Amino acid sequence: MSTIHKGLDGVVVDTTGISMVNPDTNSLTYRGYPVQQLATRCRFEEVAYLLWHGELPTPAQLAKQTEAERAQRELPRELVTTLLSLPATAHPMDTLRTAVSILGANDPHEDDNSPRANAAKALRLFAALPSVVAFTQRRRRGLLPLPPRDDLGFAENFLYLTFGEVPEPEIVRAFETSLVLYAEHSFNASTFTSRVVTSTLSDLYSAVTAAVGALKGPLHGGANEAVMAMFAEIGDAARAREWLATALADKRKIMGFGHRVYKKGDSRVPTMRQALDDVAKIRDGQALLDLYEELAAAMLDAKGLHPNLDYPAGPAYHLMGFDTPVFTPIFVAARITGWTAHITEQLAANSLIRPSSAYTGAAERALT
Ligand SMILES: CC(=O)SCCNC(=O)CCNC(=O)[C@H](O)C(C)(C)COP(=O)(O)OP(=O)(O)OC[C@H]1O[C@@H](n2cnc3c(N)ncnc32)[C@H](O)[C@@H]1OP(=O)(O)O
Ligand SMILES: O=C([O-])CC(=O)C(=O)O
(Lines give C-alpha, C1' and ligand atoms only; values in the text may rest on other atoms or scores of the structure.)
(Ligands and ions follow the chains in the order given, each with its own letter.)
Protein backbone atom coordinates (compact mmCIF):
# COMPACT_ATOMS: atom_id res chain seq x y z
CA MET A 1 0.00 0.00 0.00
CA SER A 2 1.26 3.52 -0.78
CA THR A 3 2.38 5.79 2.07
CA ILE A 4 -0.57 7.83 3.32
CA HIS A 5 0.06 11.43 4.36
CA LYS A 6 -2.99 12.06 6.55
CA GLY A 7 -4.09 15.65 6.27
CA LEU A 8 -1.42 16.10 3.54
CA ASP A 9 0.97 16.70 6.47
CA GLY A 10 4.38 17.68 5.07
CA VAL A 11 3.33 17.15 1.45
CA VAL A 12 4.60 19.84 -0.92
CA VAL A 13 1.86 20.17 -3.54
CA ASP A 14 2.98 23.21 -5.54
CA THR A 15 5.23 26.26 -5.55
CA THR A 16 4.16 29.74 -4.45
CA GLY A 17 5.80 33.15 -4.66
CA ILE A 18 3.35 34.85 -2.31
CA SER A 19 4.53 34.02 1.21
CA MET A 20 7.04 31.82 2.98
CA VAL A 21 6.45 30.24 6.38
CA ASN A 22 9.72 29.09 7.93
CA PRO A 23 9.13 27.11 11.13
CA ASP A 24 12.87 26.69 11.78
CA THR A 25 13.52 30.41 12.02
CA ASN A 26 9.97 31.25 13.18
CA SER A 27 9.60 33.64 10.30
CA LEU A 28 6.95 34.62 7.81
CA THR A 29 7.56 36.77 4.76
CA TYR A 30 5.09 38.24 2.26
CA ARG A 31 6.76 38.56 -1.15
CA GLY A 32 10.09 38.50 0.72
CA TYR A 33 9.30 41.15 3.38
CA PRO A 34 9.14 40.05 7.05
CA VAL A 35 5.55 40.35 8.23
CA GLN A 36 6.64 42.08 11.44
CA GLN A 37 8.14 44.94 9.41
CA LEU A 38 5.04 45.18 7.24
CA ALA A 39 2.83 45.24 10.35
CA THR A 40 4.73 48.12 11.93
CA ARG A 41 5.53 50.19 8.84
CA CYS A 42 2.71 49.69 6.31
CA ARG A 43 -0.97 50.38 5.97
CA PHE A 44 -3.11 47.33 5.30
CA GLU A 45 -3.98 48.67 1.83
CA GLU A 46 -0.25 48.66 0.93
CA VAL A 47 0.10 45.06 2.11
CA ALA A 48 -2.90 44.08 -0.02
CA TYR A 49 -1.25 45.67 -3.04
CA LEU A 50 2.00 43.84 -2.26
CA LEU A 51 0.27 40.46 -2.05
CA TRP A 52 -1.61 41.02 -5.30
CA HIS A 53 1.16 42.62 -7.36
CA GLY A 54 4.41 41.34 -5.84
CA GLU A 55 5.79 44.83 -5.01
CA LEU A 56 4.80 47.59 -2.61
CA PRO A 57 2.85 50.35 -4.39
CA THR A 58 4.25 53.69 -5.50
CA PRO A 59 2.21 56.66 -4.16
CA ALA A 60 0.39 56.88 -7.53
CA GLN A 61 -0.41 53.15 -7.58
CA LEU A 62 -1.69 53.30 -4.01
CA ALA A 63 -3.82 56.35 -4.77
CA LYS A 64 -5.42 54.57 -7.73
CA GLN A 65 -6.18 51.45 -5.70
CA THR A 66 -7.49 53.53 -2.78
CA GLU A 67 -9.85 55.49 -5.02
CA ALA A 68 -11.27 52.29 -6.53
CA GLU A 69 -11.58 50.61 -3.12
CA ARG A 70 -13.36 53.54 -1.44
CA ALA A 71 -15.79 53.79 -4.36
CA GLN A 72 -16.93 50.17 -3.80
CA ARG A 73 -17.40 50.12 -0.03
CA GLU A 74 -21.16 50.65 -0.16
CA LEU A 75 -23.16 47.41 -0.31
CA PRO A 76 -25.48 47.06 -3.34
CA ARG A 77 -29.18 47.29 -2.46
CA GLU A 78 -29.92 43.73 -3.66
CA LEU A 79 -27.25 42.41 -1.31
CA VAL A 80 -28.65 44.28 1.71
CA THR A 81 -32.16 43.02 0.90
CA THR A 82 -30.98 39.41 0.80
CA LEU A 83 -28.90 39.73 3.95
CA LEU A 84 -31.93 41.14 5.76
CA SER A 85 -33.89 38.04 4.76
CA LEU A 86 -31.44 35.88 6.78
CA PRO A 87 -32.24 35.39 10.47
CA ALA A 88 -30.57 38.03 12.66
CA THR A 89 -29.27 35.08 14.68
CA ALA A 90 -27.41 33.58 11.66
CA HIS A 91 -23.71 33.11 12.31
CA PRO A 92 -21.86 36.11 10.79
CA MET A 93 -19.67 33.65 8.84
CA ASP A 94 -22.82 32.29 7.17
CA THR A 95 -23.94 35.83 6.37
CA LEU A 96 -20.52 36.63 4.93
CA ARG A 97 -20.42 33.44 2.84
CA THR A 98 -23.86 34.30 1.46
CA ALA A 99 -22.76 37.87 0.73
CA VAL A 100 -19.81 36.65 -1.36
CA SER A 101 -22.15 34.35 -3.28
CA ILE A 102 -24.60 37.17 -3.99
CA LEU A 103 -21.86 39.55 -5.10
CA GLY A 104 -20.77 36.82 -7.53
CA ALA A 105 -24.25 36.15 -8.85
CA ASN A 106 -24.66 39.88 -9.56
CA ASP A 107 -21.30 40.32 -11.27
CA PRO A 108 -21.68 40.16 -15.08
CA HIS A 109 -17.97 39.26 -15.28
CA GLU A 110 -18.21 36.39 -12.77
CA ASP A 111 -16.98 33.78 -15.24
CA ASP A 112 -14.22 35.90 -16.77
CA ASN A 113 -11.06 34.36 -15.28
CA SER A 114 -8.63 36.79 -16.93
CA PRO A 115 -6.11 38.37 -14.53
CA ARG A 116 -7.64 41.79 -15.15
CA ALA A 117 -11.22 40.68 -14.36
CA ASN A 118 -10.09 38.75 -11.28
CA ALA A 119 -8.08 41.73 -9.99
CA ALA A 120 -11.27 43.81 -10.20
CA LYS A 121 -13.24 41.11 -8.33
CA ALA A 122 -10.57 40.86 -5.61
CA LEU A 123 -10.72 44.62 -5.06
CA ARG A 124 -14.53 44.55 -5.05
CA LEU A 125 -14.58 41.93 -2.27
CA PHE A 126 -11.78 43.67 -0.37
CA ALA A 127 -13.82 46.91 -0.43
CA ALA A 128 -17.19 45.36 0.44
CA LEU A 129 -16.34 42.80 3.15
CA PRO A 130 -15.81 45.31 6.02
CA SER A 131 -19.29 46.68 5.26
CA VAL A 132 -20.72 43.14 5.49
CA VAL A 133 -18.91 42.41 8.78
CA ALA A 134 -20.05 45.74 10.27
CA PHE A 135 -23.60 45.10 9.01
CA THR A 136 -23.76 41.76 10.84
CA GLN A 137 -22.26 43.19 14.04
CA ARG A 138 -24.70 46.13 14.09
CA ARG A 139 -27.69 43.94 13.23
CA ARG A 140 -26.87 41.67 16.18
CA ARG A 141 -27.17 44.74 18.38
CA GLY A 142 -30.37 46.01 16.72
CA LEU A 143 -28.53 48.90 15.03
CA LEU A 144 -28.97 50.14 11.46
CA PRO A 145 -25.98 50.00 9.07
CA LEU A 146 -23.98 53.18 8.53
CA PRO A 147 -22.87 54.55 5.17
CA PRO A 148 -19.13 54.06 4.59
CA ARG A 149 -16.83 57.10 4.80
CA ASP A 150 -14.52 57.72 1.86
CA ASP A 151 -12.35 60.11 3.91
CA LEU A 152 -11.09 57.20 6.07
CA GLY A 153 -8.47 54.50 5.49
CA PHE A 154 -9.47 50.82 5.35
CA ALA A 155 -9.00 50.06 9.06
CA GLU A 156 -10.52 53.33 10.33
CA ASN A 157 -13.55 52.96 8.06
CA PHE A 158 -14.00 49.32 9.16
CA LEU A 159 -14.06 50.37 12.82
CA TYR A 160 -16.24 53.43 12.12
CA LEU A 161 -18.79 51.29 10.22
CA THR A 162 -18.93 48.87 13.16
CA PHE A 163 -18.95 51.20 16.14
CA GLY A 164 -20.17 54.53 14.72
CA GLU A 165 -16.93 56.31 15.60
CA VAL A 166 -13.22 56.00 14.90
CA PRO A 167 -11.65 54.73 18.15
CA GLU A 168 -8.35 55.78 19.75
CA PRO A 169 -5.28 55.58 17.43
CA GLU A 170 -3.89 52.70 19.54
CA ILE A 171 -7.02 50.64 18.78
CA VAL A 172 -6.87 51.46 15.07
CA ARG A 173 -3.18 50.49 14.96
CA ALA A 174 -3.75 47.20 16.82
CA PHE A 175 -6.67 46.34 14.55
CA GLU A 176 -4.64 47.13 11.44
CA THR A 177 -1.76 45.00 12.79
CA SER A 178 -4.14 42.06 13.12
CA LEU A 179 -5.31 42.53 9.52
CA VAL A 180 -1.73 42.49 8.23
CA LEU A 181 -0.87 39.39 10.29
CA TYR A 182 -4.03 37.57 9.18
CA ALA A 183 -3.63 38.49 5.48
CA GLU A 184 -1.68 35.51 4.19
CA HIS A 185 -0.15 32.19 5.29
CA SER A 186 0.86 29.97 2.35
CA PHE A 187 -1.07 26.71 1.83
CA ASN A 188 -3.28 26.79 4.94
CA ALA A 189 -6.59 24.88 4.70
CA SER A 190 -8.77 27.75 3.45
CA THR A 191 -6.24 28.99 0.90
CA PHE A 192 -5.71 25.45 -0.34
CA THR A 193 -9.50 25.11 -0.60
CA SER A 194 -9.62 28.23 -2.77
CA ARG A 195 -6.90 26.77 -4.99
CA VAL A 196 -8.71 23.42 -5.32
CA VAL A 197 -11.90 25.17 -6.47
CA THR A 198 -9.92 27.44 -8.81
CA SER A 199 -8.12 24.44 -10.30
CA THR A 200 -11.42 23.25 -11.80
CA LEU A 201 -11.59 26.62 -13.63
CA SER A 202 -14.54 27.64 -11.50
CA ASP A 203 -14.94 31.37 -10.71
CA LEU A 204 -13.26 33.51 -8.03
CA TYR A 205 -16.45 34.03 -6.00
CA SER A 206 -17.00 30.26 -5.79
CA ALA A 207 -13.40 29.77 -4.65
CA VAL A 208 -13.78 32.46 -1.97
CA THR A 209 -17.14 31.10 -0.81
CA ALA A 210 -15.54 27.68 -0.31
CA ALA A 211 -12.57 29.25 1.48
CA VAL A 212 -14.91 31.06 3.89
CA GLY A 213 -16.46 27.67 4.70
CA ALA A 214 -13.03 26.16 5.39
CA LEU A 215 -11.97 29.10 7.56
CA LYS A 216 -15.09 28.83 9.71
CA GLY A 217 -13.97 25.57 11.34
CA PRO A 218 -12.49 25.78 14.87
CA LEU A 219 -9.31 23.95 13.87
CA HIS A 220 -8.60 26.88 11.50
CA GLY A 221 -9.93 30.49 11.65
CA GLY A 222 -12.86 29.65 13.90
CA ALA A 223 -10.32 29.23 16.69
CA ASN A 224 -10.22 32.98 17.40
CA GLU A 225 -13.88 32.78 18.45
CA ALA A 226 -13.31 29.51 20.30
CA VAL A 227 -10.47 31.11 22.30
CA MET A 228 -12.84 33.75 23.62
CA ALA A 229 -15.49 31.15 24.43
CA MET A 230 -12.80 29.23 26.33
CA PHE A 231 -11.73 32.34 28.27
CA ALA A 232 -15.38 32.94 29.19
CA GLU A 233 -15.66 29.32 30.39
CA ILE A 234 -12.49 29.58 32.53
CA GLY A 235 -13.44 33.02 33.84
CA ASP A 236 -10.38 33.79 35.93
CA ALA A 237 -6.59 33.29 35.84
CA ALA A 238 -6.71 31.48 39.20
CA ARG A 239 -8.82 28.71 37.63
CA ALA A 240 -6.69 28.27 34.48
CA ARG A 241 -4.44 25.38 35.56
CA GLU A 242 -7.22 23.30 37.09
CA TRP A 243 -9.46 23.94 34.06
CA LEU A 244 -6.67 22.91 31.69
CA ALA A 245 -5.91 19.68 33.57
CA THR A 246 -9.57 18.65 33.34
CA ALA A 247 -9.87 19.68 29.67
CA LEU A 248 -6.77 17.70 28.72
CA ALA A 249 -7.93 14.69 30.72
CA ASP A 250 -11.20 14.91 28.74
CA LYS A 251 -9.07 14.89 25.53
CA ARG A 252 -10.30 18.34 24.53
CA LYS A 253 -8.37 20.40 21.98
CA ILE A 254 -7.27 23.64 23.61
CA MET A 255 -8.19 26.41 21.24
CA GLY A 256 -5.50 28.83 20.08
CA PHE A 257 -2.66 26.35 20.71
CA GLY A 258 -0.65 24.22 18.32
CA HIS A 259 -0.07 24.58 14.60
CA ARG A 260 0.45 22.27 11.65
CA VAL A 261 3.64 24.05 10.54
CA TYR A 262 5.05 25.95 13.53
CA LYS A 263 6.15 23.62 16.28
CA LYS A 264 8.27 26.14 18.23
CA GLY A 265 5.78 29.03 18.24
CA ASP A 266 3.83 31.05 15.66
CA SER A 267 5.94 33.82 14.05
CA ARG A 268 3.03 36.28 14.31
CA VAL A 269 2.23 35.85 17.99
CA PRO A 270 4.80 38.30 19.51
CA THR A 271 3.57 41.14 17.27
CA MET A 272 -0.09 40.41 18.01
CA ARG A 273 0.67 39.96 21.72
CA GLN A 274 2.13 43.49 21.74
CA ALA A 275 -0.98 44.78 19.96
CA LEU A 276 -3.15 43.03 22.58
CA ASP A 277 -1.12 44.74 25.32
CA ASP A 278 -1.68 48.12 23.70
CA VAL A 279 -5.43 47.52 23.55
CA ALA A 280 -5.56 46.12 27.10
CA LYS A 281 -3.86 49.24 28.50
CA ILE A 282 -6.63 51.54 27.34
CA ARG A 283 -9.55 49.10 27.57
CA ASP A 284 -9.18 47.75 31.11
CA GLY A 285 -7.84 44.38 29.97
CA GLN A 286 -5.47 43.36 32.79
CA ALA A 287 -7.66 40.48 34.03
CA LEU A 288 -7.84 39.04 30.54
CA LEU A 289 -4.06 39.39 30.11
CA ASP A 290 -3.51 37.54 33.39
CA LEU A 291 -5.72 34.69 32.20
CA TYR A 292 -3.94 34.70 28.81
CA GLU A 293 -0.51 34.35 30.45
CA GLU A 294 -1.53 31.76 33.02
CA LEU A 295 -3.18 29.47 30.49
CA ALA A 296 -0.27 29.82 28.02
CA ALA A 297 2.24 28.93 30.76
CA ALA A 298 0.13 25.96 31.90
CA MET A 299 -0.23 24.69 28.31
CA LEU A 300 3.53 24.90 27.74
CA ASP A 301 4.13 22.95 30.95
CA ALA A 302 1.47 20.34 30.20
CA LYS A 303 1.91 19.75 26.45
CA GLY A 304 4.89 21.83 25.29
CA LEU A 305 2.50 23.61 22.90
CA HIS A 306 2.72 27.31 22.00
CA PRO A 307 -0.11 29.71 21.13
CA ASN A 308 -0.99 30.45 17.51
CA LEU A 309 -2.17 33.82 16.12
CA ASP A 310 -5.80 33.18 17.10
CA TYR A 311 -4.83 33.14 20.80
CA PRO A 312 -3.93 36.88 21.09
CA ALA A 313 -6.30 37.98 18.28
CA GLY A 314 -9.45 36.71 20.04
CA PRO A 315 -9.04 38.72 23.26
CA ALA A 316 -7.80 41.76 21.32
CA TYR A 317 -11.01 41.84 19.23
CA HIS A 318 -13.05 41.32 22.41
CA LEU A 319 -11.44 44.32 24.11
CA MET A 320 -11.91 46.40 20.94
CA GLY A 321 -15.66 45.79 21.37
CA PHE A 322 -16.49 43.17 18.73
CA ASP A 323 -18.94 40.37 19.55
CA THR A 324 -17.22 36.96 19.53
CA PRO A 325 -19.07 35.59 16.43
CA VAL A 326 -17.67 38.48 14.38
CA PHE A 327 -14.00 37.54 15.00
CA THR A 328 -13.65 34.99 12.19
CA PRO A 329 -15.41 37.29 9.68
CA ILE A 330 -12.71 39.90 10.45
CA PHE A 331 -10.16 37.21 9.61
CA VAL A 332 -11.97 36.75 6.26
CA ALA A 333 -11.83 40.50 5.55
CA ALA A 334 -8.04 40.28 5.95
CA ARG A 335 -7.42 36.87 4.29
CA ILE A 336 -9.39 37.86 1.18
CA THR A 337 -6.12 39.45 0.04
CA GLY A 338 -4.12 36.21 0.38
CA TRP A 339 -6.88 34.01 -1.06
CA THR A 340 -7.31 36.14 -4.16
CA ALA A 341 -3.53 36.36 -4.69
CA HIS A 342 -3.42 32.54 -4.58
CA ILE A 343 -6.38 32.21 -6.97
CA THR A 344 -4.47 34.35 -9.50
CA GLU A 345 -1.28 32.35 -8.95
CA GLN A 346 -3.14 29.04 -9.37
CA LEU A 347 -4.71 30.18 -12.65
CA ALA A 348 -1.37 31.35 -14.01
CA ALA A 349 0.00 27.77 -13.95
CA ASN A 350 -3.07 25.63 -13.46
CA SER A 351 -3.30 21.89 -13.03
CA LEU A 352 -6.46 20.22 -11.73
CA ILE A 353 -5.94 19.35 -8.05
CA ARG A 354 -7.05 15.76 -7.69
CA PRO A 355 -5.00 13.55 -5.36
CA SER A 356 -5.19 9.76 -5.20
CA SER A 357 -6.55 7.53 -2.45
CA ALA A 358 -5.84 4.00 -1.28
CA TYR A 359 -8.99 1.90 -1.33
CA THR A 360 -9.79 0.03 1.90
CA GLY A 361 -13.44 -0.90 1.28
CA ALA A 362 -15.06 -4.24 0.46
CA ALA A 363 -13.30 -6.48 -2.09
CA GLU A 364 -14.89 -6.57 -5.52
CA ARG A 365 -18.02 -8.75 -5.46
CA ALA A 366 -20.95 -9.56 -7.69
CA LEU A 367 -24.60 -8.77 -7.05
CA THR A 368 -26.40 -11.99 -6.15
C1 LIG B 1 -4.97 30.71 12.04
C2 LIG B 1 -5.01 29.24 12.28
O3 LIG B 1 -5.73 28.54 11.63
S4 LIG B 1 -3.96 28.63 13.45
C5 LIG B 1 -4.74 27.11 14.01
C6 LIG B 1 -5.96 27.42 14.86
N7 LIG B 1 -6.53 26.20 15.43
C8 LIG B 1 -6.53 25.96 16.76
O9 LIG B 1 -6.04 26.73 17.56
C10 LIG B 1 -7.22 24.69 17.18
C11 LIG B 1 -6.41 23.93 18.21
N12 LIG B 1 -5.24 23.33 17.61
C13 LIG B 1 -5.31 22.12 16.97
O14 LIG B 1 -6.35 21.47 16.93
C15 LIG B 1 -4.05 21.60 16.28
O16 LIG B 1 -2.90 22.09 16.93
C17 LIG B 1 -3.99 21.98 14.79
C18 LIG B 1 -5.26 21.44 14.08
C19 LIG B 1 -3.94 23.50 14.60
C20 LIG B 1 -2.75 21.38 14.17
O21 LIG B 1 -2.91 20.03 14.21
P22 LIG B 1 -1.87 18.96 13.65
O23 LIG B 1 -0.77 19.57 12.92
O24 LIG B 1 -2.67 17.95 12.93
O25 LIG B 1 -1.26 18.41 14.96
P26 LIG B 1 -1.79 17.15 15.73
O27 LIG B 1 -3.27 17.24 15.89
O28 LIG B 1 -1.23 15.95 15.03
O29 LIG B 1 -1.10 17.35 17.12
C30 LIG B 1 0.01 16.66 17.58
C31 LIG B 1 -0.22 16.32 19.03
O32 LIG B 1 -0.44 17.50 19.80
C33 LIG B 1 -1.75 17.49 20.33
N34 LIG B 1 -2.33 18.81 20.16
C35 LIG B 1 -2.10 19.65 19.13
N36 LIG B 1 -2.79 20.79 19.31
C37 LIG B 1 -3.45 20.63 20.48
C38 LIG B 1 -4.33 21.47 21.19
N39 LIG B 1 -4.65 22.67 20.75
N40 LIG B 1 -4.84 21.00 22.34
C41 LIG B 1 -4.53 19.77 22.81
N42 LIG B 1 -3.69 18.95 22.18
C43 LIG B 1 -3.17 19.38 21.02
C44 LIG B 1 -2.53 16.47 19.54
O45 LIG B 1 -3.59 15.92 20.29
C46 LIG B 1 -1.44 15.45 19.25
O47 LIG B 1 -1.21 14.70 20.39
P48 LIG B 1 -0.91 13.12 20.30
O49 LIG B 1 0.37 13.01 19.50
O50 LIG B 1 -0.82 12.71 21.71
O51 LIG B 1 -2.09 12.54 19.56
O1 LIG C 1 -1.19 27.98 8.20
C2 LIG C 1 -2.11 27.38 8.77
O3 LIG C 1 -2.26 26.14 8.72
C4 LIG C 1 -3.11 28.11 9.58
C5 LIG C 1 -2.73 29.53 9.83
O6 LIG C 1 -1.96 29.83 10.70
C7 LIG C 1 -3.27 30.55 8.95
O8 LIG C 1 -3.99 30.23 7.99
O9 LIG C 1 -3.01 31.74 9.19
Side-chain angles (χ1 to χ4, degrees), residues 4-13 16 18-23 26-30 35 38-39 47 51 93 177-195 208 211-231 233-234 240 243-272 292 295-296 298-317 327-339 341-342:
I4 306 295
H5 299 277
K6 278 291 262 191
L8 297 179
D9 195 352
V11 177
V12 178
V13 298
T16 181
I18 302 170
S19 69
M20 188 175 79
V21 182
N22 188 335
N26 258 11
S27 70
L28 168 64
T29 54
Y30 296 170
V35 73
L38 294 169
V47 174
L51 291 170
M93 281 296 270
T177 296
S178 77
L179 298 177
V180 172
L181 297 176
Y182 265 143
E184 160 60 12
H185 212 240
S186 73
F187 276 39
N188 60 84
S190 56
T191 299
F192 188 60
T193 300
S194 75
R195 292 189 74 129
V208 171
V212 172
L215 193 74
K216 186 182 177 192
L219 295 192
H220 192 12
N224 61 8
E225 296 177 23
V227 164
M228 213 48 231
M230 177 180 73
F231 282 169
E233 187 185 329
I234 302 171
W243 179 91
L244 181 67
T246 310
L248 289 176
D250 292 344
K251 303 255 174 280
R252 282 174 68 175
K253 280 269 157 67
I254 312 304
M255 292 297 144
F257 289 92
H259 197 276
R260 172 57 66 81
V261 182
Y262 300 115
K263 298 300 177 193
K264 296 184 281 188
D266 184 325
S267 62
R268 303 160 291 184
V269 165
T271 310
M272 194 60 219
Y292 176 106
L295 187 65
M299 190 62 176
L300 196 60
D301 291 346
K303 296 282 286 182
L305 287 173
H306 298 269
N308 57 55
L309 175 57
D310 288 325
Y311 191 64
Y317 290 152
F327 296 179
T328 318
I330 300 170
F331 191 161
V332 172
R335 186 57 61 89
I336 189 67
T337 55
W339 287 338
H342 277 272

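These numbers come from the heavy atoms of this one structure, side chains and all, not from hydrogens, waters or symmetry mates. One-based numbering along the sequence shown. Predicted, not measured: the structure shown is a model, and the values here were computed from it. Order of appearance sets the numbers: ligands from 1, and atoms from 1 within every ligand.
Counting only heavy atoms of the protein, atom 14 (O) of ligand 1 lies nearest to Lys253 CD, 3.1 Å. Ranking protein heavy atoms by distance to atom 3 (O) of ligand 1, first place goes to His220 ND1, 2.8 Å. Protein heavy atom at the shortest distance from atom 42 (N) of ligand 1 is Lys303 CE, 3.7 Å. Of the protein's non-hydrogen atoms, the one nearest atom 2 (C) of ligand 1 is Asp310 OD2, 3.5 Å.
Looking at His306, Arg260, Arg335 and measuring to atom 22 (P) of ligand 1, the nearest heavy atom belongs to Arg260. Comparing heavy-atom distances from atom 9 (O) of ligand 1 across Gly256, Ala313, Gly314 singles out Gly256 as nearest. Taking only non-hydrogen atoms, the option from Phe331, Tyr311, Phe257 nearest to atom 15 (C) of ligand 1 is Phe257.
For atom 49 (O) of ligand 1, the nearest protein heavy atom lies 4.0 Å away or farther. Distances from atom 30 (C) of ligand 1 to the protein include no heavy-atom value under 4.0 Å. In this structure, atom 12 (N) of ligand 1 has a protein heavy-atom contact shorter than 4.0 Å.
Taking Ala334 as the reference, Phe44, Leu179, Tyr182 meet the side chain to side chain contact (heavy atoms under 4.5 Å, CB included) condition, with sequence neighbours excluded. Applying the ring-ring contact (aromatic ring centres under 6.0 Å, His included) rule to Tyr30 yields no partners; only residues at least two apart in sequence or on another chain are considered. For the side chain to side chain contact (heavy atoms under 4.5 Å, CB included) test, residues two or more places apart in sequence or in another chain that qualify with Ala214 are Ser190, Thr193.
Checked against the 6.0 Å centroid threshold, His342 and Phe192 do not count as a close aromatic pair.
Below 30°, between 30° and 60°, or above 60°: for Tyr311 and Tyr292 the angle between ring planes is between 30° and 60°, a tilted geometry.
Counting heavy atoms from C-beta on, the side chains of Thr16 and Arg195 come closer than 4.5 Å.
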- [ ] May I have the step-by-step check of side-chain contact (heavy atoms from CB on, under 4.5 Å) for Thr337 and Val47, ending in yes or no?
- [x] CA-CA 9 Å; Thr337 55; Val47 174; over 6 Å; no
Verdict with reasoning, His185 to His259, per side-chain contact (heavy atoms from CB on, under 4.5 Å):
CA-CA 12 Å; His185 212 240; His259 197 276; 3.7 Å; yes
Carefully, step by step, assess Asp266 and Arg268 under the rule salt bridge (Lys or Arg N to Asp or Glu O under 4.0 Å). CA-CA 5 Å; Asp266 184 325; Arg268 303 160 291 184; 2.8 Å; yes
Exercise for review: Begin with the C-alpha distance, continue with both residues' side-chain angles, and end with the deciding distance and a verdict on side-chain contact (heavy atoms from CB on, under 4.5 Å) for Val11 and Phe187.
Suggested key: CA-CA 11 Å; Val11 177; Phe187 276 39; over 6 Å; no
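Judged by the shortest distance from any of its heavy atoms, His185 lies outside the 4.0 Å radius around the atoms of ligand 1. Residue-ligand proximity: Gly7 is placed with every non-hydrogen atom at 4.0 Å or more from ligand 1. Residue contacts with ligand 1 include Lys263, since one or more of its heavy atoms lies under 4.0 Å from the ligand.
Residue Pro218 approaches ligand 1 through these ligand atoms, each under 4.0 Å from one of its heavy atoms: 7 (N), 8 (C), 10 (C). Against a heavy-atom cut-off of under 4.0 Å, Ala223 is close to the following atoms of ligand 1: 6 (C), 7 (N), 8 (C), 9 (O).
Taking only nitrogen or oxygen atoms, main chain and side chain alike, Tyr182 does not reach within less than 3.5 Å of ligand 1. Polar contact check, Arg252 against ligand 1: no nitrogen or oxygen pair lies under 3.5 Å apart. Checked by distance only, ligand 1 and Leu305 stay at 3.5 Å or farther apart across all their nitrogen or oxygen atoms. Ligand 1 has no nitrogen or oxygen under 3.5 angstrom from a nitrogen or oxygen of Arg268. Residue contacts with ligand 1: Leu219 is placed with a nitrogen or oxygen under 3.5 Å of a nitrogen or oxygen of the ligand (distance criterion only). Polar contact check, Ile254 against ligand 1: a nitrogen or oxygen pair lies under 3.5 Å apart.
Here the closest non-hydrogen pair linking Lys264 and His306 is C-CD2, 3.6 Å. The two residues Met272 and Ala316 make their nearest non-hydrogen contact at CE-CB, 3.7 Å. Of all non-hydrogen atoms in Glu184 and Gly338, the two that sit nearest each other are OE1-CA, 3.4 Å.
The backbone N or O of Ser19 lies less than 3.5 Å from no partner atom in the side chain of Ser186, so there is not a single donor-acceptor pair. With hydrogens and angles disregarded, no donor-acceptor distance shorter than 3.5 Å links the side chain of Asp250 to the backbone of Leu248.
No option in Leu309, Asn26, Asn22 other than Asn26 meets the side chain to side chain contact (heavy atoms under 4.5 Å, CB included) test with Tyr262. Under the side chain to side chain donor-acceptor pair (under 3.5 Å) rule, Thr328 has a single partner from Glu225, Arg335, Lys216, which is Glu225.
Proximity of Lys6 to ligand 1, defined as any heavy-atom pair under 4.0 Å, is not found for any part of the residue. Neither the backbone nor the side chain of Ala226 has a heavy atom within less than 4.0 Å of ligand 1.
Taking a heavy-atom cut-off of under 4.0 Å, ligand 2 is surrounded by His185, Asn188, His220, His259, Arg268, Arg335.
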